[in-house]
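Structure first, then comments.
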Amino acid sequence: MSWDGGASPLFSLRGVTQERGGAVILRDLTLDLPRTAITALVGPSGAGKTSLLRLLNRLDDPTAGQVAFDGQPITAYPVGALRRRVGFVFQTPAMFPGTVAANLRTAAELGHVAASPDAPAIERVLSAVELSADYAAREAGRLSGGEQQRVSLARALMTGPDVLLLDEPTSALDPEVAERLLATIARLTRERGVAVVMVTHRLSEARETSTYTVMLEGGRLVEAGPTERLFTAPASGRTRAYLATAD
């Protein structure tokens, strides 16, 4: 049973181990991620946060163990169908050549969306990430870092995902721009019902934005739970020591 009203987990990991180049990145990870939350993945460098995130839409597969999404083994979903439901936004935004509108249409095409988005559809998704309609005609490669990250979010939204996976989406942004982007992400979860799993190295972001937090260290689960409880009354001494480094 999940902490969020008894709902079934969005993702379940059972005995997940991930190895790369002979090194163990994740170790026997058993964990449920709730479906009605912004979940933050926190922990020191090398904890396995991004490696875990990549398993959730099969950018990588585990060496051992099983990942389930929405009650089924993740391998039961065709990869394309899975990635339409589970969008991924990378740490460093990379724009496709051309305009913002071209970027959004390319994302829809790659996601095998039934109909190519028309101008009103593009305006709606830009509005969802708080970019005005005139951005559609701008060259994506000439935008600021914060604007490009919003375009990355908009691209991920083109397939109507249930979940957004965000890999340190604010790491290259100044604090004011980062705060606005996080507010946009929180609004998307409220208004569109999109769940979020977010890697962050900024503990203040995890505490202020997320509703559920997972603490990893050395590829192992240290603890997980509602964010406020984890930050105010952590069960693990290792969590307490890490939180003492909060920014």
Side-chain angles (χ1 to χ4, degrees), residues 1-21 23-43 47-91 107-114 152-153 155-169 185 188-189 192-200 210-225:
M1 180 177 292
S2 172
W3 70 278
D4 56 341
S8 60
L10 183 60
F11 292 99
S12 293
L13 293 84
R14 295 292 179 267
V16 167
T17 293
Q18 177 76 354
E19 298 180 7
R20 188 178 301 117
V24 179
I25 309 300
L26 297 170
R27 301 170 183 267
D28 195 25
L29 199 63
T30 293
L31 172 68
D32 290 331
L33 300 181
R35 65 177 59 241
T36 59
I38 299 177
T39 296
L41 305 180
V42 303
K49 302 183 294 295
T50 296
S51 295
L52 169 56
L53 200 70
R54 290 174 63 89
L55 297 180
L56 302 182
N57 82 338
R58 297 197 66 195
L59 286 171
D60 293 319
D61 286 323
T63 307
Q66 186 180 81
V67 180
F69 169 61
D70 201 16
Q72 297 187 64
I74 204 166
T75 52
Y77 297 90
V79 171
L82 174 71
R83 291 177 182 168
R84 283 193 291 274
R85 295 184 63 187
V86 184
F88 200 108
V89 177
F90 293 90
Q91 180 176 354
E109 179 182 340
L110 292 173
H112 301 285
V113 173
S152 293
L153 274 175
R155 287 191 315 207
L157 291 173
M158 291 306 297
T159 60
D162 300 314
V163 194
L164 288 175
L165 308 178
L166 311 179
D167 188 11
E168 298 199 43
I185 291 166
L188 287 172
T189 66
R192 292 191 169 216
V194 179
V196 169
V197 184
M198 176 178 72
V199 171
T200 180
S210 72
T211 50
Y212 196 82
T213 296
V214 175
M215 166 72 183
L216 300 172
E217 185 178 63
R220 297 182 184 275
L221 175 65
V222 177
E223 66 177 294

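Considering only heavy atoms from C-beta on, V67 comes within 4.5 Å of P62 through its side chain. Contact annotation: the side chain of D162 never approaches that of D70 to less than 4.5 Å [non-hydrogen atoms, C-beta and beyond]. With a 4.5 Å cut-off on side-chain heavy atoms, L165 and L59 do not count as touching.
Side chain of R84 to backbone of T159: no donor-acceptor contact under 3.5 angstrom is found. Of the possible donor and acceptor atoms, none in the side chain of S12 sits under 3.5 Å from a partner among the backbone N and O of D32. With hydrogens and angles ignored, the 3.5 Å screen pairs no side-chain donor or acceptor of S210 with any backbone N or O of T39. A side-chain donor-acceptor contact under 3.5 Å links R83 to the backbone of R58. The backbone N or O of S8 lies less than 3.5 Å from a partner atom in the side chain of R35, making a donor-acceptor pair.
Between Q18 atom CD and T63 atom OG1 the span is 4.5 Å, to the nearest 0.5 Å. The line from CG of D167 to CE of M198 is 11.0 Å long, rounded to the nearest 0.5 Å. Atom CE of M158 sits about 11.5 Å away from atom CG of L110, to the nearest 0.5 Å. To the nearest 0.5 Å, atom CZ of residue R14 and atom CD of residue Q66 are 9.5 Å apart.
Contact between L164 and L153 at its shortest, heavy atoms only, is CD1-CD2, 4.0 Å. Heavy-atom minimum distance, A40 versus T200: CB-CG2, 4.4 Å. Summarising the geometry of L41 relative to K49, their closest heavy-atom pair is O-CD, 3.4 Å, with the distance given to 0.1 Å. Heavy-atom minimum distance, L166 versus I185: CD1-CD1, 3.5 Å. The nearest pair of heavy atoms linking R20 to S51 is NH2-OG, 3.7 Å. Listed here is the closest heavy atom pair of D61 and L55: C-CD2, 3.7 Å.
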Under the side-chain contact (heavy atoms from CB on, under 4.5 Å) rule, what do L13 and L52 come out as? Steps first, then yes or no, please. CA-CA 10 Å; L13 293 84; L52 169 56; 3.3 Å; yes
Before you tell me yes or no, could you show the steps for L216 and L29 under side-chain contact (heavy atoms from CB on, under 4.5 Å), namely the whole-Å CA-CA distance, both residues' side-chain angles and the distance that decides it to 0.1 Å? CA-CA 10 Å; L216 300 172; L29 199 63; 3.9 Å; yes
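The residue from V42, L33, V199, V197 that alone fulfils the side chain to side chain contact (heavy atoms under 4.5 Å, CB included) condition with V214 is L33.
Under the side chain to side chain contact (heavy atoms under 4.5 Å, CB included) criterion, A64 pairs with T17, sequence neighbours left out. With sequence neighbours left out, the ring-ring contact (aromatic ring centres under 6.0 Å, His included) criterion links F69 to F11, Y77.
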